[in-house]
Amino acid sequence: MTNRRCILLGARVQEGAGRLGCDMGPSAYRAAGLAETLGGLGLAIVDAGDLAPAVAVERAHPNGALRHLGAFAAWTEALAEAAYRHSAEGIPIFLGGDHSLSAGTLSGLGRRAAQEGRPLFVLWLDAHADFHTLDTTTSGNLHGVPLAYATGRRGFSGYLPAPAAPIDPRNVCLMGTRSLDPAERGAVLEAGVLIHDMRSIDEAGVVAPLRAFLGQVAAAGGRLHVSLDVDFLDPGIAPGVGTTVPGGATFREAHLIMEMLHDSRLVGSLDLVELNPFLDERGRTALLMVDLAASLMGRTVLDRPTQSY
Ligand code: MG
Ligand code: MG
């Protein structure tokens with residue numbers, strides 16, 4: 001993408017996670033110098049501040065485990081509108097906040113892509129698939145449902161606004177997956193979501209699968225959204241998250257993915273989610289996430305010719 005303008009938007013949502021603290025994420029990214037770092041790459045940076053959703057109206061659901069469904073609905077509605085609006089102005093970067101915020105960002109970006117007459121593709125970098133529905137989640141934590149909602153799985157209507165343009169699950173690529181329960185695994189496979197789990201990364205690396213996916217996005221003239229969950233990374237380098245799963249992506253794997261994404265010029269928007277500064281160690285996870293965003297936006301050690309897909 002040739003757009004050289006980034007819009008930072010904080011979403012202090014923490015109700016979707018099992019523990020508190022993600023609401024401090026946007027502040028941590030600012031303290032870690034996200035705007036200055038990206039600005040140093042020659043990008044025009046606009047910090048649009050933090051989004052304020054409408055007051056939540058709590059609602060009952062047959063699944064008694066669900067927590068904060070009303071807050072989730074309010075955030076989803078506000079974020080969908082903001083994502084739609086800001087995606088016309090440049091590359092929006094959504095600063096979470098827990099991963100439930102992606103229900104809103106994907107909904108708004110899907111609407112934007114549909115209006116442009118392009119398909120929306122999603123690269124989901126996460127230990128989890130976040131493909132539960134309101135009925136199937138047993139934890140009740142709504143950061144486990146955004147991908148199911150945005151791809152139009154059943155069971156959300158009446159509780160959330162319907163996504164304006166549900167994303168084709170076959171345009172979604174999961175990478176780094178290593179924690180799926182059986183019901184979710186079946187649903188993901190049945191929907192046709194592309195999965196490169198940690199075992200396949202161990203076996204084949206990240207380059208070939210990512211190159212194939214980017215080729216697919218380019219061939220379709222698609223708009224690409226990247227959703228980066230801190231727990232995609234190995235807990236040894238990224239401890240500041242409430243859902244650590246051993247065996248995550250290494251420092252080099254993560255940077256390589258970001259560099260390839262930059263080379264592709266296809267990325268139109270980014271979520272940085274699940275950072276929990278309360279669990280971090282002297283800001284190291286926030287700083288790593290800022291460095292990864294910088295790699296995605298073009299920071300390189302050596303200049304290389306642009307790869308055309
Ligand atoms: Mg997630
Ligand atoms: Mg996760």
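Atoms within a ligand are numbered from 1 in the order they appear, just like the ligands themselves. Remember, predicted model here, so these are calculated numbers, not experimental data. FYI, side chains are in, hydrogens and waters are out, and symmetry mates aren't considered; it's all heavy atoms of this structure.
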Exercise. Strictly by modelled atom types, are Asp271 and His99 linked by a side-chain donor-acceptor pair under 3.5 Å?
Worked result: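 Side-chain D/A pair, Asp271 to His99: absent.
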
For this session: Would you tell me whether Asn141 and Arg67 have side-chain atoms, one donor and one acceptor, within less than 3.5 Å of each other?
Result: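 On atom types as modelled, these side chains qualify, holding a pair under 3.5 Å.
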
Exercise. Can you list the protein N, O or S atoms less than 2.8 Å from the Mg ion (ligand 2)?
Worked result: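 Counting only protein N, O or S atoms under 2.8 Å from the Mg ion (ligand 2), the list reads Asp126 OD1, His128 ND1, Asp229 OD2, Asp231 OD1, Asp231 OD2.
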
Exercise. Is the shortest side-chain N to carboxylate O distance from Arg30 to Asp50 below 4.0 Å?
Worked result: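 Yes, charged N to carboxylate O under 4.0 Å.
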
Problem set entry | Donor-acceptor contact present, side-chain Arg153 to main-chain Thr151, <3.5 Å |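 Between the backbone of Thr151 and the side chain of Arg153 there is no qualifying donor-acceptor contact (under 3.5 Å).
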
Exercise. Out of Glu274, Gln14, Glu15, which one pairs with His143 under the side chain to side chain donor-acceptor pair (under 3.5 Å) rule?
Worked result: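 Of the listed options, the one satisfying the test is Glu274.
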
For this session: Identify, with sequence neighbours excluded, every residue that meets side chain to side chain contact (heavy atoms under 4.5 Å, CB included) alongside Ala28.
Result: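 Testing Ala28 for side chain to side chain contact (heavy atoms under 4.5 Å, CB included), a comparison that skips the adjacent residues, returns Leu275, Pro277, Ala286.
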
